[in-house]
Amino acid sequence: MRFSKMFIPTLREAPADAEAVSHVLMLRAGYVRQLAAGLYIFLPLGWRVLDRIDAILKEEMESIGAQEISMPILHPAEIWQQTGRWDTIGGEMFRLKDRNERDFCLGMTHEEIMTWLASKEIRSYRDLPQIWYQIQTKLRDEARPKSGVLRTREFIMKDSYSFDADEEGLERNYQAHAEAYHRIFNRCGLRFMQVESDPGMMGGGYSHEFMAPSPAGEDQVAVCPGCGYSANVELALSVPVKTQDIGLPGEEVHTPDKRTITEVSRFLKLGPEYFIKSVLVMSDNGPALALVRGDQEVHEKKLSIVIGRHRPAQKAEVKEILGVEAGFIGPMGHRNIRIIADTCLKEGTYVSGANRQHYHIKGIKAEQDFTAEWHDIHIAKQGDACVKCGAELLIERVIEIGNIFKLGTKYSAALKAVFLDEHGDERPVIMGSYGIGPARIAAAAIEQRHDKDGIIWPRSIAPFDVELIPLNMNDPGTVETAEQLYRLLAAERLEVLMDDREERAGVKFKDADLIGIPTQVIIGEKNLKNGLIEIKDRTTREAVSVKIEEVVGKVMDLIKTPS
RNA sequence: CGGGGCGUAGCGCAGCCUGGCUAGCGCACCUGCCUUGGGAGCAGGGGGUCGGAGGUUCGAAUCCUCUCGCCCCGACCA
């Protein structure tokens, strides 16, 4: 491909409204353009990258027996109503009506439609297992699109769905996907990890996410360097650093107008880890009191797993329900209210509100002074101990690049996707669903691999294998050599981009580094006089000069080296 | 949805507070000359509903009201 013929609108300056590195570089290097918030156009270079990622996805999906199909993006409402998600999903779903006023939505995901198909076609255990997948556009009216291509309202997703007769089959397909995902992300040159995750509203009880570490990510994971335990902080278990039990004497103390942990802590000259933080929340099943140590925070998701949907109580509600102003709440003496306490409070002696205006109380002990349901409901922090091996946890920011869910029978039961087993009994199909976002792979690759000059693509997903850079297009020798090398490299089935523009050398070098093709072949007049061509590695910036006839061999060597 | 910021040429910005000549600068773009190993130089040139609507005023990019869009933080996130 010739640079002069290809649409590669590079930008010298970054558009002001791009923040994330991948966003800035994709815009500057001419990979994408923004149409509106969360809507992106993929330009020729960007689309080539997605193509190469898709090719890897397809190979690895086919290798575990998945079959590619394609489903509509426009979905009739009835199917989503049958699974209940038409109502449970809020503004995130794009909804519309056809000319006959029939309700439709744009697909945010395809569990419903895949399951509908299974319900029509799968009859017998002999039809199972099946894995169907597609690489298809999804639409979600995101509350806040952000970070360029990382969180958009329209995006392409590789989504696969497994259908099994039993749990063992699901487990096999789940593991097959996990392994395929490892191969995919490795091939795409990403640093990544597999972590336990919250299945959320997908239902089912088991899921993992694949995470690429990057400061641009919006998720956080806790990782144990000791035993390898890793989980999304939404559910990561951890043991907060233990406090010394200083055996506070039980006494009520006057704490006028000291409401927050910080205020009381300062007033009593006692560290926040010696306090119990009591937070009243309103759940669908009434109020509940959540207790964590004073230096910890309640994790809403973790609490949701215990008590379901909830929101913080308002000040007036606290007074009405507990009979005391927020700020002086303690865990003692409440009836008819659920109390959920963080596990770390089982040990130790604490200070808490006295349930009496302007008073706190010292010497509070679990079981002696209050009882509660014990769960890990605090936010895991850097330095907390791993629940499995005790090593210090690390907290890392990550980009979610893929996920795998065990769905069980949630969708098959709702949509009556059933089969007859060996005994002639009708049973719902057991399902799993598995997603990967190709654009996120591309963005994560850029986030993880770039320098001040631009993108550094892994070879596997670069838009081209080699960029040929004839420095002076007015020099007939340069042009002739470039054309010759272009033919030779193309004959090796390499994808070659030749910068044949009438531009000065500096411009070509800058654009080449920006665009990030892993290997640069530079044809300069002076080198050429000595029969030499320069081959430069985008990653290491190492350049070697070789004889013209050795160029192809050297390039092929480079391409075999991992990147 | 709450908080903050920003909309002036393709990109980056100045001008706005304190209204007043033809709305300006850098880069990019076009023509010519020149140049060809890290975003050259000289000369000439094109490009603007100042996001939109309404208002105040003799006069609005500038002041007021409404509105649309984009970005960031938070909430949310199959």
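Letters A, B, ... are given to chains in the order of the sequence lines, protein chains preceding strands, and every chain is numbered from 1. All values derive from a computational prediction rather than experimental measurement.
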Quiz item: From B:C11, B:C76, B:G37, pick the nucleotide closest to the side chain of A:E13?
Solution: B:C11
Practice problem: Quick one: look up who B:C25 pairs with, Watson-Crick or G-U, both distances under 3.5 Å, and put none if it's unpaired. | Solution: B:G12
Quiz item: If you check the A:V507 side chain, which of B:C72, B:G12, B:G39 turns out closest?
Solution: B:G39
Quiz prompt | Distance between P atoms of B:G51 and B:A23 (Å, rounded) | solution = 15 Å
Exercise. Could you check whether the rings of A:W80 and A:H75 sit parallel, tilted or perpendicular, using 30° and 60° as the cut-offs?
Key: parallel
Exercise. Among B:C11, B:G38, B:C76, find the nucleotide with the atom closest to the side chain of A:P15.
Key: B:C11
Quiz item: Nearest to the side chain of A:Q34 - B:G38, B:C70, B:C11?
Solution: B:C70
Self-check item: Nearest-neighbour nucleotide for the A:A37 side chain, B:C70, B:G39, B:C72 considered
Solution: B:C70
Quiz item: Looking only at atom P, what distance separates B:G19 and B:C72, rounded to whole Å?
Solution: 35 Å
Self-check item: Check: A:H110/A:K138 side-chain N/O donor and acceptor closer than 3.5 Å
Solution: yes
Practice problem: Scan side-chain atoms only and decide if A:Q82 and A:E78 contain a donor-acceptor pair under the 3.5 Å cut-off. | Solution: no
Quiz item: Centres of the A:F210 and A:H177 rings: under 6.0 Å?
Solution: no
Practice problem: Tell me the partner of B:G69, counting only Watson-Crick (N1-N3 plus N6-O4 or O6-N4) or G-U wobble (N1-O2 and O6-N3) with both under 3.5 Å; none if nothing fits. | Solution: B:C6
Quiz prompt | Among B:C76, B:G39, B:G37, the one nearest A:R12 by side-chain distance | solution = B:G39
Self-check item: G-U wobble or Watson-Crick pairing nucleotide for B:G74 (cut-off 3.5 Å, both distances)
Solution: B:C1
Self-check item: Given B:C70, B:C13, B:C72, the nucleotide with the shortest approach to the side chain of A:E19
Solution: B:C72
Exercise. Identify the nucleotide, in any strand shown, that forms a Watson-Crick or G-U wobble pair with B:C63, with both distances under 3.5 Å; if there is none, say none.
Key: B:G55
Quiz item: Picking from B:C77, B:G37, B:C72, which would you name as closest to the side chain of A:E534?
Solution: B:G37
Quiz item: Is there a donor in the side chain of A:E447 and an acceptor in the side chain of A:S22, or the other way round, less than 3.5 Å apart?
Solution: yes
Quiz item: Given B:G38, B:G37, B:C77, which nucleotide is nearest the side-chain atoms of A:D513?
Solution: B:G38
Quiz item: Are A:E483 and A:R2 ion-paired here, with the side-chain N under 4.0 Å from a carboxylate O?
Solution: yes
Quiz item: Between A:Y40 (OH) and B:C70 (P), how many Å, whole number?
Solution: 10 Å
Quiz item: Does any nucleotide pair with B:G48 by Watson-Crick or G-U wobble geometry, both distances under 3.5 Å, and what is it?
Solution: none
Contacts under 3.5 Å, N or O only, protein and nucleotides 32-35 of chain B:
residue	atom	partner	partner atom	Å
B:U35	O2'	A:R504	NH1	3.4
B:U35	O2	A:R504	NH1	2.9

Self-check item: Rounded distance in Å - CZ (A:R153) to C1' (B:C76)
Solution: 15 Å
Exercise. Look at the side chain of A:A143 and decide which nucleotide, out of B:G39, B:A75, B:C77, has an atom nearest to it.
Key: B:A75
Quiz item: When rounded to the nearest Å, what value does the distance between P atoms of B:G24 and B:G46 take?
Solution: 13 Å
Quiz item: Hey, are A:Q67 and A:Q130 close enough side-chain-wise for a donor-acceptor pair under 3.5 Å?
Solution: yes
